[in-house]
**Q** 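Before we start, here is the structure in question, set down as structure tokens.
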Amino acid sequence: LPGRKVLIVYAHQEPKSLNGSLKSVAVEELSKQGCSVTVSDLYAMQFEPRATRNDIVGCLHNSEMFNYGVETREAYKRRELSSDLLEEQKKVQEADLLIFQFPLYWFSMPAIMKGWMDRVLVEGFAYQFPDCYNSGLLKNKFALFSFTTGGSQETYTKGGISGDIRYLLWPMQHGIMHFCGVKVLAPHICFAPEYVSEEERKEMLLAWAQRLKTLWKEEPIDCSPEWYFK
């Protein structure tokens, strides 16, 4: 394990939040194992979530009609993406494991984290047709989504008002990570931390620390529609 590299992409405004504590537990536990851990604290970095022509340095491939996908693909080839993107791509490139730590917003990740996905995972770097899914360009990496919810575990079941939590993971785990070839570990979910006792929140942190101890032995989930929808 020593020498393994982990990138934690973290989206929460408050360091003292449960998300902040989960991030700190991961840094501490993984560092203890001899891993080298990097954190992209998106709010603290004031990360720009908007995908704009500012992401391309130098001349555009087609100045007549702006196409973000085409322009970033071409700029990636020329090493002419903006410095913040090159920096995040370098972190991803070096990492064996990506951990995404965030509160669930409207059945998805916060906009600042979605913006990170939109801007960092450009064509040519993360995927290129037809090299997607199992042959995506990031196929030697693992990812884990660790997040908190507002609703209780019961609401996120097949029979619950919000439906199975796995339905929500389809666009994030399958549509982004698996699309880029990344192997996905089972998500780590802390349900409704706002509505439980201080004691239960401490238990949530302990459970996460415990899981991290044996994380490298885990097998990825079966990346198929069945896992999400059966």
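Below, all heavy atoms of this structure are taken into account, side chains as well, without hydrogens, waters or symmetry copies. Along the sequence shown, the residues carry numbers beginning at 1.
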**Q** Any side-chain heavy atom of Phe125 within less than 4.5 Å of one from Leu137?
**A** no
**Q** Quick check: do Lys91 and Val120 have side-chain heavy atoms less than 4.5 Å from each other?
**A** no
**Q** Write down the atom of Glu71, the atom of His61, and the distance for their closest heavy-atom approach.
**A**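 Smallest heavy-atom distance, with atoms named: OE1-N, 2.7 Å.
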**Q** Is the side chain of Ser146 donor-acceptor paired with the backbone N or O of Phe100 at a distance under 3.5 Å, no angle test?
**A** no
**Q** Is a side-chain donor or acceptor of Gln101 paired with a backbone partner of Tyr10 at a separation under 3.5 angstrom?
**A** no
**Q** Taking the basic N atoms (NZ, or NE/NH1/NH2) and the acidic carboxylate oxygens, is any pair closer than 4.0 Å for Lys77 and Glu74?
**A**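 Salt bridge present between Lys77 and Glu74.
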**Q** Would you find more than 12 non-hydrogen atoms of other residues, nucleotides or ligands less than 6.0 Å from Tyr195 atom OH?
**A** no
**Q** Report the C-alpha separation of Ser152 and Glu154 in whole Å, then their side-chain angles, then the decisive distance to 0.1 Å, and conclude whether the side chain to side chain donor-acceptor pair (under 3.5 Å) test is met.
**A** CA-CA 5 Å; Ser152 67; Glu154 299 71 53; 3.1 Å; yes
**Q** Would you say the side-chain atoms of Gln153 pair up with the backbone N or O of Ile189, donor to acceptor, closer than 3.5 Å?
**A** no
**Q** Return the minimal non-hydrogen interatomic distance between Tyr68 and Asp55, and the atom names on each side.
**A** OH-OD2, 2.5 Å
**Q** Stepwise, does the ring-ring contact (aromatic ring centres under 6.0 Å, His included) test hold for Phe142 with Trp216?
**A** CA-CA 10 Å; Phe142 290 85; Trp216 300 101; 7.5 Å; no
**Q** If you count the non-hydrogen atoms of other residues, nucleotides and ligands that lie under 6.0 Å from CD in Glu200, is the total more than 12?
**A**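 Enclosed: over 12 neighbouring heavy atoms sit under 6.0 Å from CD of Glu200.
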**Q** So, Ser224 and Glu226: side-chain donor and acceptor under 3.5 Å apart, yes or no?
**A** yes
**Q** Which atom pair, heavy atoms only, marks the closest approach of Leu168 to Ser162?
**A**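 So the minimum-distance heavy-atom pair works out to CD1-O, 4.3 Å.
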**Q** So for atom NZ, which belongs to Lys16, do other residues, nucleotides or ligands contribute more than 12 heavy atoms lying within a distance under 6.0 Å?
**A** no
**Q** Tell me whether Tyr105 shares a hydrophobic cluster with Ile176, the cluster being built from Ile, Leu, Val, Met, Phe, Trp, Tyr side chains joined at under 4.5 Å.
**A** yes
**Q** With a 3.5 Å cut-off and no angle check, do the side chains of Tyr76 and Gln89 form a donor-acceptor pair?
**A** no
**Q** Locate the shortest heavy-atom distance separating Val25 from Leu205; write the atom from each residue and the value.
**A**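 Looks like CG1-O, 4.1 Å.
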**Q** Angle between ring planes, Phe147 versus Phe102, binned at 30° and 60°: parallel, tilted or perpendicular?
**A** parallel
**Q** For His12, what residues pass the ring pair (Phe, Tyr, Trp, His ring centres under 6.0 Å) criterion, not counting sequence neighbours?
**A** none
**Q** Over 60° means perpendicular and under 30° means parallel, so tell me whether Phe191 and Tyr156 are parallel, tilted or perpendicular.
**A**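 Tilted: the ring planes of Phe191 and Tyr156 meet at 30° to 60°.
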**Q** Test salt bridge (Lys or Arg N to Asp or Glu O under 4.0 Å) on Lys5 and Asp96 and set out the steps.
**A** CA-CA 5 Å; Lys5 294 193 169 179; Asp96 300 296; over 6 Å; no
**Q** Under a 4.5 Å cut-off applied to non-hydrogen side-chain atoms, are His174 and Tyr133 in contact?
**A**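 Contact flag for His174/Tyr133 side chains = yes.
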**Q** Heavy-atom count check: over 12 atoms from other residues, nucleotides or ligands less than 6.0 Å from Lys183 NZ?
**A**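 Buried by this count: over 12 neighbours within 6.0 Å.
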**Q** Pair Asn54, Ser82 - check side chain to side chain contact (heavy atoms under 4.5 Å, CB included), show working.
**A** CA-CA 7 Å; Asn54 296 340; Ser82 59; over 6 Å; no
**Q** Does Lys202 come within less than 4.0 Å of Glu198, counting only side-chain N to carboxylate O?
**A**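 Not counted as a salt bridge, because no side-chain N and carboxylate O are separated by less than 4.0 Å.
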**Q** Distance check, rounded to the nearest 0.5 Å: Thr148 atom OG1 versus Leu104 atom CG?
**A**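 Answer for the OG1-CG pair, Thr148 versus Leu104, is 7.5 Å.
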**Q** Are any non-hydrogen side-chain atoms of Pro220 and Val184 less than 4.5 angstrom apart?
**A** no
**Q** Does a donor on one side chain sit under 3.5 Å from an acceptor on the other, for Asn19 and Ser17?
**A** no
**Q** Would you check if Thr149 and Thr155 make a side-chain contact, meaning some heavy-atom pair closer than 4.5 Å?
**A** no
**Q** Under a single-linkage definition using a 4.5 Å side-chain heavy-atom cutoff for Ile, Leu, Val, Met, Phe, Trp and Tyr, are Val37 and Val182 assigned to the same hydrophobic cluster?
**A** no
**Q** State, to 0.1 Å, how close Phe145 and Met172 come at their nearest heavy-atom pair, and which atoms those are.
**A**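 Looking at all heavy atoms of both residues, the shortest contact is CZ-O, 3.7 Å.
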**Q** Is the CD atom of Glu14 crowded by more than 12 outside heavy atoms at less than 6.0 Å?
**A**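 Yes, enclosed.
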**Q** Hey, can you tell me if His188 and Trp208 have their rings parallel, tilted or perpendicular (30° and 60° cut-offs)?
**A** tilted
**Q** Look only at the side chain of Lys141 and the backbone of Ala95, and say whether a donor-acceptor pair between them is shorter than 3.5 Å.
**A**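 At least one qualifying donor-acceptor pair exists.
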**Q** Answer yes or no: is there a donor N or O on one side and an acceptor on the other, between the side chain of Thr214 and the main chain of Lys217, under 3.5 Å?
**A**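 Checking the backbone N and O of Lys217 against the side chain of Thr214, no donor-acceptor pair under 3.5 Å is found.
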**Q** Pairing donors with acceptors under 3.5 angstrom, does anything connect the side chains of Lys114 and Ser108?
**A** no
**Q** Any side-chain heavy-atom pair from Glu88 and Met45 closer than 4.5 angstrom?
**A**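 Side-chain contact under 4.5 Å: yes.
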**Q** Look at the side-chain heavy atoms of Ile, Leu, Val, Met, Phe, Trp and Tyr, link any pair under 4.5 Å apart, and say whether Leu185 and Leu7 land in one connected group.
**A** no
**Q** Looking at Ala11 and Met113, what are the two nearest heavy atoms and their distance?
**A**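 Where Ala11 meets Met113 most closely, the heavy atoms are CB-CE, 3.9 Å.
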**Q** Transitively linked via ILVMFWY side-chain contacts under 4.5 Å: Val70 with Val57?
**A**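 In one cluster: no.
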**Q** For a salt bridge (Lys or Arg N to Asp or Glu O under 4.0 Å) check, start with the C-alpha distance between Arg119 and Asp84, then their side-chain angles and the critical distance, and finish with the verdict.
**A** CA-CA 10 Å; Arg119 295 181 63 226; Asp84 61 335; 2.9 Å; yes
